[in-house]
Amino acid sequence: MEEARLVQRARQGDFGAFEQLVTRTESKIYGLLLRLVGNPEDARELLQETYLSAYRNLDRFQGNAAFSTWVYRIATNHALMRFRKKNPETVGLDEIPVPTHEEIRERGVSDWDLDPKEAVLQKEIRGLLNRAILDLPPLYRAVVVLRDVEGLSTAETAQALEITEGAVKTRLHRARLFLREALSPHFEDARDDRQGMR
Amino acid sequence: MTRKLSCREILDNLSAYVDAELDPSLCEEIEAHMQGCNPCVAFLNTLKKTVVLVRYSGEPEQVPQEVHIDLHRFLRDRCKDDGPGKES
Ligand SMILES: [Zn+2]
């Protein structure tokens, strides 16, 4: 059955239709939550909270976006709320340690001798990446996961996180610089061919 | 083009450049800069590789069977009686 039809029936109280919507989207949402919180136990609980909240708010779903996009938003909100409870001071953190232009210039830049699509097949490298992503403050992590892992647009990410598109872009850039920095020591060319920036 | 961009300005705009979110004129300036600046080329390459690594970092997650079962049981228990759209 078409998604819009399922939503309509779920709204009219057809619980089976709602369950079908859940089944269609739960893997995606679980994957998102796992990346946001980093552990299966929390992801499992948040998954339940997310869909309960989706059910209770079904009348607010506009139907102009995909059901899954709407649930993404709920899931991200619940994950961020949990971070706020646990660790209020780190959620909104404005500054994250990224190298300044001066530092990069002094150190020099060298290319990485790897094919990223092949590299991610290695368990060790995936572990490295996931740790680096989890080292980001939650709001930065949410931006990078929604944009670069889940492939949401800047506008969709801004909506999901209730921040401006400008803030999405700034945070995404800083998060990528942070991740690049975390990965650099592992991937830099063995050959000593660093080149200084001007 | 009135002046040359510095490496710092390139660096600040590199994510937007990778995402094709910049004005064409600024893109052209960045590309012109890249012609003569190997460190910026290396930085761009490694930033692009970072983005690709992140994109493919997660295995496609299939929700585990017991999580699926738990979720549906939880929802049946909690939702059945109150009906949809009733924020409590
Ligand atoms: Zn340069």
Side-chain angles (χ1 to χ4, degrees), chain A residues 10-13 15 18-19 22-23 26-31 34-35 40 43-44 47-48 51-53 55-60 101 104-105 108-112 114 116-117 119-120 125-126 129-130 133 144 147-149 151 154 169 172-173 176-177 179-180 183-184 187 194-198, chain B residues 4-19 21-22 33 36-64 66-68 70-88:
Chain A
R11 270 187 180 153
Q12 289 161 354
F15 187 70
F18 181 69
E19 279 195 298
V22 175
T23 303
E26 65 190 354
S27 285
K28 247 175 137 173
I29 302 298
Y30 181 72
L34 203 51
R35 266 169 216 125
R44 182 187 190 131
L47 189 67
Q48 298 182 349
Y51 280 108
L52 180 59
S53 169
Y55 188 74
R56 289 182 170 158
N57 288 289
L58 260 183
D59 53 341
R60 291 189 209 169
H101 170 256
I104 294 168
R105 187 177 55 199
V109 183
S110 75
D111 209 338
W112 297 349
L114 94 172
K117 283 191 189 168
V120 287
I125 291 184
R126 276 206 310 274
L129 264 162
N130 288 328
I133 293 172
V144 95
R147 284 284 285 120
D148 285 347
V149 183
T154 300
K169 289 179 191 177
L172 180 63
H173 183 53
R176 285 172 175 173
L177 292 180
L179 294 172
R180 182 196 166 278
L183 300 173
S184 272
F187 298 148
R194 291 183 180 197
Q195 312 188 58
M197 269 192 179
R198 292 192 293 263
Chain B
K4 291 231 163 113
L5 289 173
S6 66
C7 293
R8 179 205 298 269
E9 288 164 297
I10 299 291
L11 186 64
D12 288 343
N13 286 293
L14 229 39
S15 273
Y17 177 74
V18 169
D19 295 336
E21 284 177 340
L22 291 179
H33 178 104
C37 187
N38 290 334
C40 278
V41 172
F43 201 94
L44 173 64
N45 286 341
T46 52
L47 191 69
K48 277 186 182 165
K49 285 175 183 173
T50 303
V51 175
V52 177
L53 282 166
V54 170
R55 180 161 300 146
Y56 294 100
S57 62
E59 293 148 272
E61 298 291 345
Q62 183 65 42
V63 68
E66 74 272 17
V67 175
H68 164 83
D70 254 24
L71 171 65
H72 285 260
R73 185 183 301 135
F74 171 85
L75 291 173
R76 269 194 302 274
D77 289 350
R78 301 288 297 269
C79 303
K80 262 270 157 88
D81 304 328
D82 33 336
K86 296 196 179 65
E87 171 85 277
S88 53

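A note on names: the letters A, B, ... follow the listed sequences, proteins ahead of strands, and every chain is numbered from 1. The figures here come from the full heavy-atom set of this structure, side chains too, leaving out hydrogens, waters and symmetry mates. Note that the structure is predicted; figures quoted are calculated from it, not measured.
- At a 4.5 Å heavy-atom cutoff, the contact between A:Asn130 and chain B is made by side-chain atoms alone.
- When side chains are defined from C-beta on, A:Leu172 counts as touching B:Asp19, because their heavy atoms get closer than 4.5 Å.
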Practice problem: Evaluate the side-chain contact (heavy atoms from CB on, under 4.5 Å) criterion for residues A:Tyr30 and B:Val67: first the C-alpha distance (whole Å), next the side-chain angles of each, then the deciding distance (0.1 Å), finally the verdict. | Solution: CA-CA 9 Å; A:Tyr30 181 72; B:Val67 175; 4.1 Å; yes
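- Proximity to chain B (any heavy atom under 4.5 Å) is restricted, for A:Leu129, to the side chain, taken from C-beta onward.
- Among A:Ala43, A:Gly151, A:Ser27, the residue making the largest number of heavy-atom pairs under 4.5 Å with chain B is A:Ser27.
- Of the listed residues (A:Gly31, A:Pro40, A:Pro116), the one with the most heavy-atom contacts under 4.5 Å to chain B is A:Pro116.
- Distance check, rounded to the nearest 0.5 Å: CG of B:Leu11 to CG of A:Leu177 gives 6.0 Å.
- Note that the CG atom of B:Leu71 and the CZ atom of A:Arg44 stand 10.0 Å from one another [nearest 0.5 Å].
- The contact between B:Tyr56 and chain A is made by backbone and side chain atoms together, counting heavy-atom distances below 4.5 Å.
- Counting all heavy atoms, side chain and backbone alike, B:Ala42 lies closest to A:Asp111 at CB-N, 4.1 Å.
- The parts of A:Leu47 that come within reach of chain B are both its backbone and its side chain, each placing non-hydrogen atoms under 4.5 angstrom from that chain.
- Contacts with chain B were tallied for A:Val149, A:Ile29, A:Leu58, A:Val120; A:Val120 has the most, counting heavy-atom pairs under 4.5 Å.
- Two residues are said to be in side-chain contact when any heavy atoms from C-beta on lie closer than 4.5 Å; A:Phe187 and B:Thr46 fail this criterion.
- With a 6.0 Å cutoff to the six-membered ring centre and a 45° limit on the axis angle, A:Arg180 counts as a cation-pi contact of B:Phe43.
- When the candidates A:Glu19, A:Arg11, A:Gln12, A:Lys117 are compared by the number of heavy-atom contacts under 4.5 Å with chain B, A:Glu19 comes out ahead.
- From A:Phe15, atom CZ reaches atom NE2 of B:His72 across 8.5 Å, with rounding to the nearest 0.5 Å.
- When the candidates B:Lys49, B:His68, B:Gln62 are compared by the number of heavy-atom contacts under 4.5 Å with chain A, B:Lys49 comes out ahead.
- In this structure, CG on A:Leu114 lies 5.5 Å from CG on B:Leu53, to the nearest 0.5 angstrom.
- Interface check for chain B: of the options A:Lys169, A:Arg126, A:Gln48, the most heavy-atom pairs under 4.5 Å are formed by A:Gln48.
- Counting heavy-atom pairs under 4.5 Å between each of B:Leu75, B:Val52, B:Asn45 and chain A puts B:Leu75 at the top.
- Neither the backbone nor the side chain of A:Ser184 comes within contact range of chain B; no heavy atoms are under 4.5 Å apart.
- Note that NZ of B:Lys48 and CZ of A:Arg176 are 11.5 Å apart. Values are rounded to the nearest 0.5 Å.
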